[in-house]
Protein chains: 2
Amino acid sequence: MATLQNIKVAVDAVVFGYKDKTLNILLIKRNIAPYKNSWALPGGLVLENESLEKAVERELKEETNVTVDYLEQLYSFGKPDRDPRNRVVSITYFALVKPEHHTIKADTDANDVAWFDINKLPELAFDHKEIINIAKKRLQGKLTYEPIGFDLLNTKFLFSDLEKLYMTILQKQIDRRNFRKKILSFNILEELDERVSEGRGRPANLFKFNKKQYFKHKKDGFLFDIK
Amino acid sequence: MATLQNIKVAVDAVVFGYKDKTLNILLIKRNIAPYKNSWALPGGLVLENESLEKAVERELKEETNVTVDYLEQLYSFGKPDRDPRNRVVSITYFALVKPEHHTIKADTDANDVAWFDINKLPELAFDHKEIINIAKKRLQGKLTYEPIGFDLLNTKFLFSDLEKLYMTILQKQIDRRNFRKKILSFNILEELDERVSEGRGRPANLFKFNKKQYFKHKKDGFLFDIK
DNA sequence: ACAAAAGTGTTGTCCGTACACCCATGT
DNA sequence: ACATGGGTGTACGGACAACACTTTTGT
């Protein structure tokens, strides 16, 4: 082989949160070159003896103070020139959090951290815009065949929240009656004996996702599927 | 940071071929430690200035003499101890070939290369068994919502070939009449004016996959979908 | 003439979709 | 009493699943 390989391995995370009826992404402001003062995905180099998942979790904790509710590998990026300094292969992750459960906090390095509406993103460092696009597609796809929407809502939620979340992420109208009928038919929700009034209008019932029940049904061959 | 990072980046490929009515995987016999003389997935370290895809294609050409018909990234593996020598992160790929279009040939290093029935795999090096399991699931999934089965058949094929391929990979019975009706309704096949006799029985018509037509329909919102 | 594989149509069921009115509360 | 959001049932149509007989060839 011509030369010894010297490629760095990094991880980056696309963290989604659903806030104020919009889909948000967690970004940090870089305080080192290159792309100093640009916004970027949280992430960094993998340590010598840590797994990829651990690396993501560590970087997220360090840079944003967030612990994720759902994490899965997204895709790996390795174009030779994606980092201007030296070659970096980045293994990216897809994560979901319940924003109200966490207080984001910038690093000691005085970076900034913030949630951005996915439709109002700033300029991004490296190829991070492309990574986000892929993550968005993954989210839209997964939402239809796995019950991951619940990882974006509070533990107790209104049916209308779930409905709005689906409409926001899938970017289409959904019929309220058919949607409720479908979801309820899966028998994976617990209807709580609590009602909440959203200012005006009839108070709505709170629901809880019953994960255990979901896995039981899944083992029996049931398929979660929302058009 | 504690120590400088020294992680190697490799690529490995799970290459599927459909031969003799069975699903096969392309393996090489290692001739260096560790796992000397074990069977393993083709792959190797990424060169300093080559993209990940190029690395896979180069390794496949070098180690097996195969050029793939379909290639996509599968998953990345990075447990700290997956390679006993030093830390290697492997970005794995999922590939399809038409076996009859290629002559496999072992490396100058006198490795061996062979197709293995996926149900009769030998012991495998590293975590390659796990990688193959994930690739198999990907293949089963993709087959139902993208027309990738055609990348495993000859350019001209019989309907019964397609049908058997689906039954073999999905491991279930398929009704011949409903299957044919469904596929034909997609309007992505060309019926050729050639018949082939398979020894005994009524000669069958040859078909060709019309990829252009497929992409045209796809742009118009058509979805390939086989239950 | 028989064995083997290819080719083809109809019917019932279920699921998805479309759609509108009443209910409980706050102001 | 009115405005606002919550909760619910029915009817139609299309897609999928189940199912069996005829055709063409080789032996």
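Just the heavy atoms: all of them, side chains too, but no hydrogens, waters or symmetry mates, feed the values below. What you are looking at is a predicted structure, and each value in this text was computed from that prediction instead of being measured. So that the names make sense, note that chain A is the first sequence line, chain B the second, and so on, each numbered from 1.
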| query | Between A:N31 and A:N111, does any side-chain donor sit less than 3.5 Å from a side-chain acceptor? | reply | yes
Atom pairs, protein N/O to nucleotides 10-13 of chain D N/O, distance under 3.5 Å:
residue	atom	partner	partner atom	Å
D:dT10	O4	A:K181	NZ	2.9

| note | Hits for side-chain contact (heavy atoms from CB on, under 4.5 Å) against B:K21, two or more places apart or cross-chain, chain-then-number order -> B:Y18, B:D161, B:K164
| query | Which residues satisfy the side chain to side chain donor-acceptor pair (under 3.5 Å) test with B:Q140, sequence neighbours excluded? | reply | none
Every protein N/O within reach of nucleotides 14-16 of chain D N/O, cut-off under 3.5 Å:
residue	atom	partner	partner atom	Å
D:dC16	OP1	B:K182	NZ	3.3

| request: Take atom CD of B:E190 as the centre, draw a 6.0 Å sphere, and report whether it contains more than 12 heavy atoms from other residues, nucleotides or ligands. | output: yes
| request: Determine whether the side chains of A:N187 and A:S185 contain a donor N or O and an acceptor N or O closer than 3.5 Å. | output: no
For nucleotides 24-27 of chain D, print each protein N/O atom paired with a nucleotide N/O atom at under 3.5 Å, atom names and distance only.
residue	atom	partner	partner atom	Å
D:dT24	O2	B:R202	N	3.2

| query | Does anything in residues 156-177 of chain B reach DNA chain C, meaning a heavy atom under 4.0 Å, and if so which residues? | reply | B:S160, B:R176, B:R177
| said: One thing to verify: whether B:R58 and B:E62 come together as a salt bridge, which I'm taking to mean a side-chain N less than 4.0 angstrom from a carboxylate O. | reply: yes
| task | Could you tell me whether B:E72 and B:R138 have a side-chain N and a carboxylate O separated by less than 4.0 Å? | result | yes
| note | The residue among B:E100, B:E194, B:E191 that forms salt bridge (Lys or Arg N to Asp or Glu O under 4.0 Å) with B:K156 is B:E194
| Heavy atoms of other groups near A:K142 NZ, more than 12 under 6.0 Å | yes
| remark: When A:V56, A:V66, A:V68, A:T67 are each screened for side-chain contact (heavy atoms from CB on, under 4.5 Å) with A:K61, the one that passes is A:T67
